[in-house]
Amino acid sequence: MGPAASAASRRDGDLAAPGWDDIGIFHAIAESGSLALASVRLGLSEATTARRLKAFERGIGLQLFRRGANRLIPTEAGAALAREAEGVAAAVARFASRARAERPEASAPVRVTATTSISLFLTKHAGTISAGAGGVEIVIISTRQRLDLARGEADIAVRMSRIPQEPGHFGQKVGRLVQALYVRRDVDPARAPIISVSRETSSRIDEHILGYAAGRPIAARVGDSAARYESVRSAGAVSMVPCFMGDADPLLRRLEPPPDLTADEIFLVTHEVSRQRPAVVAVLAALRRLFRDHRGALEGLSPLVA
């Protein structure tokens, strides 16, 4: 990068006011540490990105980066301004998110993101949710990824962890999801293959299953709860299954009471932008009622170990 302009060559009144686009380019370079990576992110050629950065440095009269081994390293001034640029980028994202929230028609679907197990629960009761919200169409997005509500990637999130700490998020605990070991009624659990989960999915569940196995081999590790349920029902395996699924299936039986340590708290999370839509508020209320009315099934409170 070129040398910083001297203090004598500029007066404060002569400094060009940086535009949002230029701050965005600077922010992308500061975050990625590379002209090439920033260019891909921005959809610009590397030559254009370099030219815009040089013009930005000339405009504010500061050198923002120095070249290191395979990356650009912010100068002291660059690091300070990078923190400011991060705040600008967040504000721009909030602005875009708010604009997207204003755009949908009243009849636009409400998007609810959840893990696989909760998505199955929501799908089972989709008609109840829609009717309870006045006929609003809902879209259920089944994913373990944490979609960004502030950016409008979803309207409501059902999460197994506490709400984000960033401003604008709202959350409420609405229940617990409990799992237990199940086997098919016509299968001897002492001879059944044992299916666990990956430790990335849940180390708590994996440890409980390993304890139950007591040295017996683990046949497979499956993160998806619907796939584990199918392995128990169709393949005669032993595995952990959400109680609302296992208890509702007459072919299955619990092997033991559900362990409290493997339970997950359930939170409904929204963002101030999506909450401006009446349809989102209506679906949120319908979801609260649903989780309240099905608390026993979700927490596995009714059946005895058979």
Side-chain angles (χ1 to χ4, degrees), residues 101 109-180 197 201-202 204-205 223-226 228-229 240-248 257-303:
V110 173
R111 298 157 301 160
V112 182
T113 178
T115 59
T116 301
S117 55
I118 293 296
S119 292
L120 290 168
F121 175 73
L122 298 179
T123 301
K124 182 178 179 181
H125 299 285
T128 300
I129 300 169
S130 177
V136 173
E137 179 184 342
I138 59 173
V139 175
I140 299 171
I141 306 171
S142 178
T143 178
R144 293 187 64 84
Q145 295 181 350
R146 295 173 65 87
L147 300 187
D148 193 333
L149 302 183
R151 292 180 179 272
E153 294 176 350
D155 302 305
I156 300 172
V158 186
R159 290 182 175 159
M160 305 303 180
S161 59
R162 297 193 177 276
I163 65 173
Q165 297 303 307
E166 293 85 355
H169 289 85
F170 298 83
Q172 178 185 5
K173 180 182 174 181
V174 291
R176 296 169 75 238
L177 180 66
V178 170
Q179 304 198 38
V197 303
T201 300
S202 175
R204 294 169 295 143
I205 291 178
D224 187 275
S225 57
R228 292 199 306 276
Y229 166 73
M240 293 285 282
V241 173
C243 289
F244 79 86
M245 299 168 64
D247 293 341
D260 188 65
L261 288 177
T262 63
D264 289 300
E265 295 182 330
I266 305 172
F267 295 87
L268 289 180
V269 182
T270 52
H271 190 269
E272 62 183 2
V273 174
S274 61
R275 288 169 68 96
Q276 296 175 42
R277 290 183 55 197
V280 172
V281 175
V283 171
L284 194 60
L287 287 170
R288 291 194 193 99
R289 290 192 296 270
L290 180 71
F291 283 104
R292 180 193 64 208
D293 294 345
H294 292 270
R295 173 176 172 269
L298 289 164
E299 297 189 11
L301 297 179
S302 44

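- Between E265 and R176 no salt bridge is recorded (no basic side-chain N to carboxylate O distance below 4.0 Å).
- Using a 4.0 Å cut-off between a side-chain N of Lys or Arg and a carboxylate O of Asp or Glu, R144 and D224 do not qualify as a salt bridge.
- Using a 4.5 Å cut-off on side-chain heavy atoms (C-beta onward), L268 and R288 make contact.
- To the nearest 0.5 Å, atoms NE2 (H125) and CG (D293) are separated by 9.5 Å.
- Annotation: side chain of T115 is not in contact with side chain of R159 (no heavy-atom distance under 4.5 Å).
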- Evaluate salt bridge (charged side-chain N to carboxylate O under 4.0 Å, His left out) for R277 paired with D155, printing each intermediate quantity in order. CA-CA 9 Å; R277 290 183 55 197; D155 302 305; 3.8 Å; yes
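- When all heavy atoms of A286 and G132 are compared, the closest pair comes out as CB-C, 4.0 Å.
- Between V112 and V158, some side-chain heavy-atom pair lies under the 4.5 Å cut-off.
- Heavy atoms only, all atoms of each residue included: A263 and V178 are closest at CB-CG2, 3.9 Å.
- Side chains of I141 and R111 form a contact here, defined as non-hydrogen atoms less than 4.5 Å apart.
- In this structure, L122 and L290 have side chains that are in contact, with non-hydrogen atoms separated by less than 4.5 Å.
- Atom CZ of R146 sits about 12.0 Å away from atom CD of E153, to the nearest 0.5 Å.
- Between I266 and M160, some side-chain heavy-atom pair lies under the 4.5 Å cut-off.
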- Query: How far apart are the C-alpha atoms of D264 and R204, what are their side-chain angles, what is the distance that settles it, and do they pass the salt bridge (charged side-chain N to carboxylate O under 4.0 Å, His left out) test?
  - Reply: CA-CA 10 Å; D264 289 300; R204 294 169 295 143; 2.6 Å; yes
- Task: Apply side-chain contact (heavy atoms from CB on, under 4.5 Å) to I156 and V283, showing your working.
- Result: CA-CA 9 Å; I156 300 172; V283 171; 3.8 Å; yes
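- Between F244 and F121, the ring planes lie perpendicular to each other; the angle is over 60°, past the 30° to 60° tilted range.
- From L177, atom CG reaches atom OG1 of T262 across 9.0 Å, with rounding to the nearest 0.5 Å.
- For the pair L287 and I129, the minimum side-chain heavy-atom distance is below 4.5 Å.
- Contact between S274 and T270 at its shortest, heavy atoms only, is OG-CB, 4.3 Å.
- Considering CD of E137 and OG of S130, their distance stands at 8.0 Å, rounded to 0.5 Å.
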- Output, in order, the C-alpha distance, side-chain angles, deciding distance and verdict of side-chain contact (heavy atoms from CB on, under 4.5 Å) for R275 and L284. CA-CA 9 Å; R275 288 169 68 96; L284 194 60; 3.6 Å; yes
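- Under the 4.5 Å side-chain criterion, counting only non-hydrogen atoms from C-beta, F170 is in contact with E272.
- In plain terms, the two heavy atoms of M240 and P259 that are nearest each other are CE-CG, 4.0 Å.
- Smallest separation of non-hydrogen atoms from H271 and P167: NE2-O, 3.9 Å.
- Distance check: S225 OG to L120 CG gives 6.0 Å after rounding to the nearest 0.5 Å.
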